[in-house]
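A quick note: this is a predicted structure, and the numbers were derived from the prediction, not measured. As a basis for the values below, the full set of heavy atoms in this structure was taken, side chains included, without hydrogen atoms, waters or symmetry mates.
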Amino acid sequence: MSTDAEFADARHIPPIPPQPPRQPAPAGMPEPEGDPRTTVLRRVPAEPSAPAPGAHPVPPRPTVPPPAGAQPPPHPDRAPGTPATPTPPPPAGRPHAFRDTAAFHLANSQKLWSDTREPAAGRGPGAPPAPRHPAAGPSAAPGSEPPRPAAERPPHLPWPPTAAPNTGVVPTPGAPRRPGSARRPGPRLLGAAACLVLGIGLIGCAAAGSWLTDEADAAPPTAEAVFAKGRDVWHNTPVDRLFPRTVNGLGVGPGGADRTWTRIAVAPDGGCGHAYAPKLAAALARAGCTRLLRATYADATRSSVITVGAQITKADQPGMMALNTRFSTRSLGTRTDLLPLPYAAKGTPAEGFGPAQRASWTVRILTDIPVVVYAVSGFADGRTVTDPQPAEAAVRPGVTTAPAESGLGHDAKGLADRIGTDFRKAAGSPTQTTEASS
């Protein structure tokens with residue numbers, strides 16, 4: 001789209017100077033019609049056509065402006081002294097109507113090839129611009145800011161730019177930053193440090209509490225607590241812990257042989273009314289009876305059977321100590337008239353185990369818990385034993401009695417020791433006096 005400046009330049013285009021008389025054409029050539037310059041200008045197309053493929057475009061020839069102070073020659077169609085009539089602006093919406101005129105093309109060619117910069121000193125208005133030195137850098141574009149001296153230029157910033165850390169402090173514009181100065185921590189950093197300290201404190205408190213709790217748990221319970229807990233083990237402990245299904249006696253048999261006993265029957269828990277002979281029941285009556293638990297075992301060869309019982313008494317700790325003293329000083333545990341009764345479960349190898357088959361026995365009075373443990377052994381084939389022998393006597397080396405040579409004394413002693421240890425463990429007592437292990 002054309003502008004007012006283009007039409008203003010078109011008004012000051014100098015007219016075409018008068019041409020000398022045209023020479024006649026040589027013989028044989030036709031005379032040209034009209035002025036060739038005007039003919040070329042009239043035939044300039046309105047829109048420039050695209051150059052042919054591969055052809056280099058030829059720029060229009062620049063027009064040399066007239067010297068400074070020269071007056072334009074008079075127009076041939078205007079009388080001398082008549083002012084020039086200004087060219088009216090192009091009508092809106094019709095820019096192409098003015099592109100067919102020679103003034104439009106001449107104005108454009110003069111505008112494109114003329115230097116818009118101010119002429120240097122000592123040079124004419126139409127002189128070409130002076131060449132720039134390569135070290136001076138690229139020339140500034142028209143209308144842009146002129147280059148500043150090197151002292152006023154800002155320093156080059158690193159690339160890629162790095163974001164400054166968020167320290168929470170807004171620096172003062174223009175204030176120099178001292179090298180090595182400490183930065184004030186921001187609120188996020190202070191909050192993270194506080195959380196870290198608090199977390200370490202909580203972990204330390206938890207570790208200290210766990211350590212104190214473990215030490216309290218590791219401390220052995222008092223004798224009173226163990227004795228009180230032993231009175232309730234019969235209904236707070238599974239039967240398989242009090243009377244294991246299999247008991248392995250390492251080195252408790254005759255000559256240090258290993259023994260293995262398997263549980264074949266467990267009697268229902270009940271009272272002590274019919275579990276003892278009358279004299280044994282009278283000897284244990286001072287301690288009282290809360291519950292009686294019994295189980296019968298068989299050895300690996302199924303040739304011997306052993307009944308193990310545990311009586312939960314009502315006596316306190318001094319009462320149990322008095323009972324133990326009475327049994328040991330009066331040898332109540334070795335009297336044949338104080339033999340415990342076996343538990344003969346039907347349908348088991350102990351079905352024929354009665355009072356006449358009792359061969360060896362032992363009675364233990366536990367003083368750390370209110371329990372009396374006993375064991376009685378016999379032959380599984382039902383043979384009668386006329387001379388039973390206490391377990392403490394049958395396990396002595398060199399004894400040649402039937403209970404000693406058959407190992408029935410070792411069976412009674414080994415199982416009594418093991419069951420007594422299981423009751424102590426259930427009550428939390430540190431006392432473990434047994435030679436058998438499961």
So does [Y] get a backbone contact from the side chain of [X], meaning a donor-acceptor N/O pair under 3.5 Å?
{"X": "S360", "Y": "Q389", "value": "yes"}
{"X": "R358", "Y": "P340", "value": "yes"}
{"X": "Q357", "Y": "G354", "value": "yes"}
{"X": "N236", "Y": "D232", "value": "yes"}

Next item on the list: Could you list all the side chain to side chain donor-acceptor pair (under 3.5 Å) pairs where at least one residue sits in residues 333-349, not counting sequence neighbours?
Entry: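 Qualifying pairs, neighbours excluded: K279-D337, R335-D337.
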
Using a 4.5 Å cut-off on heavy atoms from C-beta on, say whether the side chain of [Y] contacts that of [X].
{"X": "Y297", "Y": "I264", "answer": "no"}
{"X": "W361", "Y": "S377", "answer": "no"}
{"X": "I306", "Y": "V376", "answer": "no"}
{"X": "D387", "Y": "T401", "answer": "no"}
{"X": "T262", "Y": "R245", "answer": "no"}
{"X": "R241", "Y": "V239", "answer": "no"}
{"X": "L366", "Y": "V373", "answer": "yes"}

All side-chain hydrogen bond (donor to acceptor under 3.5 Å, both in side chains) counterparts of [X], not counting sequence neighbours:
{"X": "E351", "value": "none"}
{"X": "T384", "value": "none"}
{"X": "T290", "value": "none"}
{"X": "D381", "value": "R383"}

Next item on the list: Would you please name every residue forming a side-chain contact (heavy atoms from CB on, under 4.5 Å) with L284, sequence neighbours left out?
Entry: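 L284 satisfies side-chain contact (heavy atoms from CB on, under 4.5 Å) with Y276, L280, Q311, L323, F327, I365, V372 only.
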
Note to self: Restricting to side-chain contact (heavy atoms from CB on, under 4.5 Å), what partner residues turn up for V395, sequence neighbours left out?
What the structure shows: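 side-chain contact (heavy atoms from CB on, under 4.5 Å) list for V395, sorted by chain: H410, K413.
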
Check: With a 4.0 Å cut-off, would you call D240 and R263 a salt bridge?
Finding: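 Salt bridge flag = yes for R263 with D240.
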
Next item on the list: Go through the side-chain N and O atoms of D299 and S303 and say whether any donor and acceptor fall under 3.5 Å apart.
Entry: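 Yes, because at least one side-chain N or O of D299 sits under 3.5 Å from a partner of the opposite role on S303.
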
Taking atom [atom1] of [X] and atom [atom2] of [Y], what is their separation to the nearest 0.5 Å?
{"X": "L341", "Y": "R294", "atom1": "CG", "atom2": "CZ", "answer": "8.0 Å"}
{"X": "W234", "Y": "R291", "atom1": "CH2", "atom2": "CZ", "answer": "4.0 Å"}
{"X": "M321", "Y": "D316", "atom1": "CE", "atom2": "CG", "answer": "10.5 Å"}

Residues in salt bridge (charged side-chain N to carboxylate O under 4.0 Å, His left out) with [X], at least two apart?
{"X": "R231", "result": "none"}
{"X": "E392", "result": "R364"}
{"X": "R326", "result": "none"}
{"X": "D422", "result": "R418"}

Margin query: Show the nearest heavy-atom pair for residues A393 and V399, with the distance to one decimal.
Written below: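 Taking every non-hydrogen atom into account, O-CG2, 3.5 Å.
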
Checklist line | Heavy-atom closest pair, residues R259 and S406 | finding: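 Closest approach of R259 to S406, heavy atoms only: NH2-O, 4.3 Å.
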
Margin query: Please identify which of these residues, D411, T246, N248, meets the side chain to side chain donor-acceptor pair (under 3.5 Å) condition with W261.
Written below: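 That would be D411; it is the only one of D411, T246, N248 passing the side chain to side chain donor-acceptor pair (under 3.5 Å) with W261.
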
Next item on the list: Test side-chain hydrogen bond (donor to acceptor under 3.5 Å, both in side chains) on S429 and D368 and set out the steps.
Entry: CA-CA 7 Å; S429 175; D368 52 345; 2.9 Å; yes

Note to self: With disulfide bond (SG atoms under 2.5 Å apart) as the rule and sequence neighbours excluded, what pairs involving residues 225-318 come up?
What the structure shows: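 Sorted result for residues 225-318: C272-C289.
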
